[in-house]
Every structure is written in structure tokens, then in C-alpha cells.
Amino acid sequence: MLSELFPNVKVEDIWTAIGETFYMTLISVAGTIILGVLLGLLLYLTANGGIWQNKTLNLFVSAVVNIFRAIPFIILILLLFPFTDFLIGTIRGPKAALPALIIGSAPFYARLVEIALREVDKGVVEAAKAMGAKTHTIIFKVLLPESMPALVSGITVTAIALIGYTAVAGVIGAGGLGDFAYFYGFQRRDFDVVFVCTVLIVIIVFIFQFIGDFIANKLDKR
């Protein structure tokens with residue numbers, strides 16, 4: 001029945017594309033969390049009234065974040081070709097998409113991290129300072145734990161955006177469902193392939209949204 005509805009869809013190729021999409025998404029989410037949290041902490045800590053208040057550094061980090069947020073992802077991929085080729089050794093395939101995916105999404109997540117940290121009760125931070133807590137203690141024992149539900153919600157939103165980015169990256173040969181939909185579906189006018197890939201991407205988005213919401217609700221102490 002399925003073969004009649006989708007005659008051009010090869011199950012083994014679809015499974016390969018799904019695996020590549022998950023690979024790109026999960027690895028880039030991990031990289032985005034690391035880089036995004038670091039940038040978000042810098043934005044928060046160096047802001048006016050922050051623990052590391054430094055206007056110059058804050059303006060620099062803020063400018064970097066804003067610039068990379070403003071660049072359309074497809075253009076960012078092209079701009080990063082030399083860097084990707086140097087780092088990975090190729091500009092094609094799932095691994096080659098990772099630098100652009102991480103660099104493209106980390107600034108977006110950094111702003112979400114900054115917002116989450118600002119929502120932490122300042123009284124809790126001041127109390128930690130009054131007790132003589134050092135900066136790393138305030139970060140890892142107060143700021144990050146208190147903002148964790150918002151951080152998880154933020155990375156859920158970012159992960160869903162990343163799934164869309166992987167589809168865009170597929171257009172230039174990064175692999176995954178976007179690659180499969182474009183090269184084996186659209187270019188060959190096999191629109192059953194495009195339809196199946198679209199449905200699968202939507203399902204993957206729902207999976208990430210469900211997991212993210214579940215974890216955020218579990219962490220929310222309110």
C-alpha cells in the first residue's frame with residue numbers, strides 16, 4: 001500500500017537521511033548549549049550591575065551575537081566554507097554542516113540564556129554574595145540551577161530551529177532529510193519523496209518539543 005502511495009520512496013535511504021538529521025541536530029545542540037551558555041553568561045555577568053561589569057566587553061560580545069544572529073543561515077554556510085574546509089576537510093556531508101549549525105544557532109540561544117539569567121531573583125544572588133560565595137559558586141549553584149527550566153525551554157526552541165537549519169543545509173549537500181527532499185525529490189520531480197521528508201521533519205520537531213517540554217516541566221519548582 002505504501003509503495004503504491006509513495007513509489008519513489010526507498011525506505012533504506014529514508015532511514016539514512018533520518019539518521020543524518022538526528023546526528024546533525026544532536027551534535028549541534030550539544031555545541032550550541034556549550035557556546036550559547038558561555039556567551040549568555042558573558043552577556044549577563046558583564047552587563048551594567050553584573051558581577052563582572054565591563055561595558056567594553058559587554059558591547060563586544062553583544063555585537064558579535066547580534067551580527068551572527070542577523071546573517072541568514074544559508075549565507076552563513078557559504079561564508080563559513082573556508083573555515084569548514086579547514087576544520088573538517090570537506091564542505092559536504094553531515095559533519096561539514098556542524099560548524100555553521102553551531103555558529104548560526106549559538107548566538108540565538110545566548111540571548112535566551114541571558115534573558116533566563118535576568119529572571120533569576122536578584123535577592124538570591126545577593127544573598128549568595130553576602131555569604132561570601134565566589135563567582136563560580138554563584139554561577140553553578142545559583143544562576144544556572146535557578147534558571148534551568150527557562151534554559152531547557154530555550155534549547156528546545158533552538159533545537160527546533162536547528163532542525164530547520166539542517167533542512168536548509170541539505171540544499172548544499174549536507175545530507176539529512178533536507179538533502180534527500182531536494183536532490184532526490186524536488187530535482188527529480190518526485191514530490192512523494194518531498195512529502196514524506198516533510199512529514200518526517202514535522203514528526204522530529206514534535207519529538208524534540210515533547211521531550212523539551214517534559215524536562216522543563218519536571219525542573220520547574222513552581
Side-chain angles (χ1 to χ4, degrees), residues 15 17-45 47 49-51 61-62 65-66 68-69 73 94 97-98 101-129 131 133 135-169 176-178 196-222:
W15 276 116
I18 292 172
E20 289 173 344
T21 296
F22 270 105
Y23 169 81
M24 287 187 286
T25 304
L26 292 174
I27 299 298
S28 57
V29 162
T32 297
I33 290 173
I34 295 170
L35 186 56
V37 168
L38 289 175
L39 289 172
L41 280 168
L42 271 176
L43 288 169
Y44 174 80
L45 294 172
I51 298 173
V61 176
S62 183
V65 167
N66 290 338
F68 279 96
R69 283 178 64 201
F73 182 68
L98 296 178
L101 289 169
I102 294 170
I103 293 172
S105 59
F108 173 74
Y109 184 55
R111 285 299 184 189
L112 298 180
V113 171
E114 182 190 15
I115 293 169
L117 294 173
R118 285 181 177 177
E119 292 177 353
V120 175
D121 188 350
K122 291 184 178 179
V124 178
V125 178
E126 291 301 325
K129 287 181 182 178
M131 294 173 64
T135 302
H136 67 85
T137 302
I138 294 173
I139 292 171
F140 292 104
K141 297 293 185 180
V142 179
L143 291 173
L144 293 181
E146 289 292 324
S147 61
M148 193 56 69
L151 294 178
V152 172
S153 295
I155 198 60
T156 301
V157 172
T158 307
I160 290 170
L162 274 167
I163 295 169
Y165 288 169
T166 65
V168 174
L177 289 166
V196 169
C197 289
T198 303
V199 170
L200 289 171
I201 288 172
V202 171
I203 291 172
I204 292 172
V205 166
F206 275 108
I207 291 171
F208 274 83
Q209 186 70 62
F210 175 79
I211 294 173
D213 289 345
F214 178 80
I215 295 173
N217 289 332
K218 285 291 183 181
L219 292 171
D220 197 342
K221 300 174 183 177
R222 292 173 295 179

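- The distance from atom OH of Y109 to atom CG of L38, rounded to the nearest 0.5 Å, is 11.0 Å.
- Taking both residues in full, the closest heavy atoms of A106 and L35 are given as CB-CD2, 3.6 Å, listed atom of the first, atom of the second, then distance.
- The two atoms that bring E20 and G176 nearest to each other are OE1-N, 2.7 Å, heavy atoms only.
- A heavy-atom distance below 4.5 Å is found between the side chains of F208 and T25.
- Counting only heavy atoms from C-beta outward, the side chains of L101 and M24 approach each other to under 4.5 Å.
- Here salt bridge (charged side-chain N to carboxylate O under 4.0 Å, His left out) pairs that include residues 24-36, with residues two or more places apart or in two chains, number zero.
- Checked against salt bridge (Lys or Arg N to Asp or Glu O under 4.0 Å), E114 has the following partners two or more places apart in sequence or in another chain: R111, R118.
- To the nearest 0.5 Å, atom CG of residue L42 and atom OG of residue S62 are 11.5 Å apart.
- Expressed to the nearest 0.5 Å, how far CD1 of I27 lies from CG of L98 amounts to 6.5 Å.
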Step by step, work out the side chain to side chain contact (heavy atoms under 4.5 Å, CB included) result for V65 and L43.
CA-CA 9 Å; V65 167; L43 288 169; 4.2 Å; yes
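- Remark: the backbone N or O of A133 is not paired with any side-chain donor or acceptor of T137 at under 3.5 angstrom.
- The closest side-chain heavy-atom distance from I211 to I215 is below 4.5 Å.
- By the side-chain contact (heavy atoms from CB on, under 4.5 Å) test, S147 is found to be paired with A116, L117, V120, L151, residues two or more places apart in sequence or in another chain being considered.
- Nearest heavy-atom pair, Y165 versus S105, reported as atom, atom and distance to 0.1 Å: CE1-CB, 4.3 Å.
- From I102, atom CD1 reaches atom OG of S28 across 6.0 Å, with rounding to the nearest 0.5 Å.
- Residue L200 holds its CG atom at 5.5 Å from CG of L177, rounded to the nearest 0.5 Å.
- Environment of OH in Y23: crowded, with over 12 heavy atoms of neighbouring residues, nucleotides or ligands closer than 6.0 Å.
- Contact detail for L39 and A110: the closest heavy-atom pair is CB-CB, 3.6 Å.
- With no hydrogens or angles considered, no side-chain donor-acceptor pair links T158 and T32 at under 3.5 Å.
- Taking CD1 from I204 and CD from Q209, the interatomic distance works out to 14.0 Å, rounded to the nearest 0.5 Å.
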